[in-house]
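Read the structure below first, then the notes.
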Amino acid sequence: MCSAWCTRKRVCDNVSHVEEPDPKALDQLFNRVLRTEDTVLTATRESADAAGMPAIEVSAQHGKLLYLLATVARATRVLEIGTLAGYSTIWLARALPPDGRLVSLEFDPKHADVARANIARAGLSAVVDVRVGRAIDLLPALDGGEPFDLVFIDADKPSTTEYFEWALKLTRPGGVIVVDNVVRNGEVVDPSGRDEAVEGMRRFLARLASEPRASGTVIQTVGAKGYDGFALIVL
Ligand code: SAH
Ligand code: DHB
Ligand code: MG
């Protein structure tokens with residue numbers, strides 16, 4: 001029987017008990033069964049909501065995936081582009097050793113303030129450096145430093161290709177690049193789509209395909225954040 005795992009039932013022709021899954025409800029179920037979020041992460045999401053910020057942070061399961069990727073990469077240096085309230089930041093920073101470092105770039109000073117408070121509540125202020133400004137202006141200062149083990153690109157979508165170019169420059173061989181929001185409800189394949197975010201993602205995919213150092217895959221996702229996807233790239 002479907003019982004707790006069943007979120008909705010559909011009856012097709014003579015076949016009953018064929019279940020049409022509800023990805024959002026299933027995400028809630030996984031979050032609950034696996035206890036994916038602790039109180040710090042929940043408070044981080046709530047603080048963003050209270051500050052009137054959009055709920056565009058990664059889902060809890062996706063946040064956990066970022067944590068796991070940083071863990072398997074044995075990352076000690078992480079770069080994030082697009083902080084918002086620090087939700088993905090906290091997931092990634094939790095994978096780092098005490099002497100690790102995460103630099104997160106955020107355009108909006110209000111977002112950065114909310115994020116810093118959340119990062120402090122998470123006990124990660126010594127590990128995380130939130131820098132305020134346009135990412136494209138902040139990235140050159142990172143050149144020449146120790147390379148990053150993992151870069152998470154999740155800011156203004158039209159600039160994704162430029163951020164990917166910087167990630168190629170700043171990431172060590174064998175390092176990981178994750179690019180969020182590549183699928184956007186499938187709009188990425190619609191050639192008539194004129195949305196500049198979608199065009200930005202198509203341009204990024206073409207650039208990824210042309211880069212001999214990069215080996216990448218696009219994974220489509222459903223769940224709490226609807227139908228989207230991310231690119232996972234190893235150098
Ligand atoms: N990574 C976050 C979500 C980021 S939302 C999480 O999953 O929790 C995208 C963020 O990028 C927003 O906070 C927005 O202010 C920021 N942003 C937009 N344009 C930017 C730019 N040019 N440079 C840096 N940050 C930018
Ligand atoms: C948007 C941005 C994101 O990073 C995301 O995960 C979802 C939506 C947006 O700008 O609409
Ligand atoms: Mg995103």
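We use all heavy atoms of the structure for the numbers below, so side chains are in, but hydrogens, waters and symmetry mates are not. We count ligands from 1, going down the list as the structure has it; atoms in each ligand are counted the same way.
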Worksheet item: Given side chains that start at C-beta, do those of Leu84 and Met53 come closer than 4.5 Å, heavy atoms only?
Response: yes

Discussion item. One residue to check: Asp228. Relative to ligand 2, which of side chain, backbone, both or neither has a non-hydrogen atom less than 4.0 Å away?
Written reply: neither

Worksheet item: What is the nearest protein non-hydrogen atom to atom 10 (O) of ligand 2, stated with its residue, atom name and distance?
Response: Ile56 CD1, 4.0 Å

Fill in: Gly63 heavy atom under 4.0 Å from ligand 1
no

Worksheet item: Just heavy atoms, cut-off under 4.0 Å: does Thr83 contact ligand 1 by side chain, backbone, both, or neither?
Response: backbone

Item to complete: Answer yes or no for Asp228: is there an N/O/S atom below the 2.8 Å cut-off from the Mg ion (ligand 3)?
Response: no

Discussion item. For a 4.5 angstrom cut-off between non-hydrogen side-chain atoms, does Val40 reach Asn118?
Written reply: no

Discussion item. Looking at non-hydrogen atoms alone, which of Asp156, Asp154, Ile153 comes nearest to atom 4 (O) of ligand 2?
Written reply: Asp154

Discussion item. Can you tell me if, anywhere in Glu57, an N/O/S atom lies at a distance from the Mg ion (ligand 3) that is smaller than 2.8 Å?
Written reply: no

Discussion item. Geometry only, no angles: is Phe152 polar-contacting ligand 1 at N/O separations under 3.5 Å?
Written reply: no

Worksheet item: Can you check whether Arg134 has an N/O within less than 3.5 Å of an N/O in ligand 1?
Response: no

Fill in: atom 25 (N) of ligand 1 - nearest protein heavy atom and its distance
Phe107 N, 3.1 Å

Item to complete: Please work out which of Asp180, Asp154, Leu84 has its closest non-hydrogen atom nearest to atom 9 (C) of ligand 1.
Response: Asp154

Worksheet item: Does ligand 2 have an atom under 4.0 Å from some heavy atom of Arg184?
Response: yes

Worksheet item: Short question: side chain of Lys169, backbone of Pro140 - any donor-acceptor pair under 3.5 Å?
Response: no

Discussion item. Using a 4.0 Å cutoff against the non-hydrogen atoms of Glu57, which atoms of ligand 1 qualify?
Written reply: 6 (C), 7 (O), 8 (O)

Discussion item. With heavy-atom distances below 4.0 Å as the criterion, list the atoms of ligand 2 near Asp180.
Written reply: 6 (O)

Worksheet item: Between Gly82 and ligand 1, is there a nitrogen or oxygen pair with a distance under 3.5 Å?
Response: yes

Discussion item. Once you restrict to heavy atoms under 4.0 Å, what part of Lys157 touches ligand 2? Side chain, backbone, both or neither.
Written reply: side chain

Worksheet item: Within the distance-only criterion (no hydrogens, no angle test), does the side chain of Lys110 pair as donor or acceptor with the backbone N or O of Ala51 below 3.5 angstrom?
Response: yes

Worksheet item: Sub-3.5 Å donor-acceptor pair from the side chain of Arg202 to the main-chain atoms of Val188, do we have one?
Response: yes

Worksheet item: Relative to Phe148, does Arg77 satisfy both conditions: NZ or CZ under 6.0 angstrom from the six-membered ring centre, and within 45 degrees of the ring's axis?
Response: yes

Worksheet item: Are the side chains of Glu146 and Arg172 in touch, meaning some heavy atoms are under 4.5 Å apart?
Response: no

Item to complete: Examine the side chains of Tyr87 and Glu37 and answer whether a donor and an acceptor come within less than 3.5 Å of each other.
Response: yes

Worksheet item: Taking C-beta and beyond as the side chain, do Arg131 and Glu106 meet within less than 4.5 Å on heavy atoms?
Response: no

Worksheet item: Of all the N, O or S atoms in Asp180, which one sits nearest to the Mg ion (ligand 3)?
Response: OD2

Discussion item. If you define the side chain from C-beta out and look only at heavy atoms, does anything of Gln220 sit under 4.5 Å from Tyr227?
Written reply: yes

Fill in: Pairwise side-chain contact, Thr160 with Ile153, heavy-atom cut-off 4.5 Å (strictly under)
yes

Fill in: Ser88 near the Mg ion (ligand 3) via N/O/S, less than 2.8 Å
no

Discussion item. Can you tell me if Tyr163 contacts ligand 1 (heavy atom of the residue under 4.0 Å from the ligand)?
Written reply: yes

Fill in: Nearest-neighbour protein heavy atom for atom 5 (S) of ligand 1, which is reported as residue plus atom name and distance
Ile56 CD1, 3.6 Å

Worksheet item: Do the side chains of Thr221 and Phe230 get nearer than 4.5 Å, heavy atoms only?
Response: yes

Discussion item. Holding to ring-ring contact (aromatic ring centres under 6.0 Å, His included), I want the full list of residues that pass it with Phe164, two or more places apart in sequence or in another chain.
Written reply: Phe204

Worksheet, complete the sentence: Looking only at non-hydrogen atoms, the one of Ser88, Ala155, Ala55 nearest atom 2 (C) of ligand 1 is Ser88

Discussion item. At under 4.0 Å between heavy atoms, is it the side chain or the backbone of Asn181 that contacts ligand 2, or both, or neither?
Written reply: side chain

Response to the item:
If we number the atoms of ligand 1 from 1 as shown, the ones under 4.0 Å from a heavy atom of Gly133 are 23 (N), 24 (C)

Discussion item. Check this for me, if you would: do Arg184 and Asp228 make a salt bridge, where the nitrogen-to-carboxylate-oxygen distance has to be below 4.0 angstrom?
Written reply: no

Discussion item. Looking only at distances, can you tell me whether any N or O atom of Asp156, backbone or side chain, sits closer than 3.5 Å to an N or O atom of ligand 1?
Written reply: yes

Worksheet item: Under 3.5 Å, N or O to N or O, is Gly86 touching ligand 1 that way?
Response: no

Worksheet item: What residue and heavy atom of the protein are closest to atom 23 (N) of ligand 1, and at what distance?
Response: Ala135 N, 2.9 Å

Discussion item. Please give the atom name: the N, O or S atom of Asp154 nearest to the Mg ion (ligand 3).
Written reply: OD1

Worksheet item: For atom 15 (O) of ligand 1, what is the nearest protein heavy atom, given as residue, atom name and distance?
Response: Glu106 OE2, 2.5 Å

Fill in: Asp156 and Tyr163: side chain donor to acceptor below 3.5 Å
yes

Worksheet item: Less than 4.5 Å apart, any side-chain heavy atom of Leu34 and any of Gln61?
Response: yes

Worksheet item: With backbone taken as N, CA, C and O and side chain as the heavy atoms from C-beta onward, which portion of His111 lies under 4.0 Å from ligand 1: side chain, backbone, both, or neither?
Response: side chain

Discussion item. Evaluate Val58 for polar contact with ligand 1, using N/O atom pairs at a separation under 3.5 Å.
Written reply: yes

Worksheet item: Are more than 12 heavy atoms from other residues, nucleotides or ligands located less than 6.0 Å from atom CD of Glu211?
Response: yes

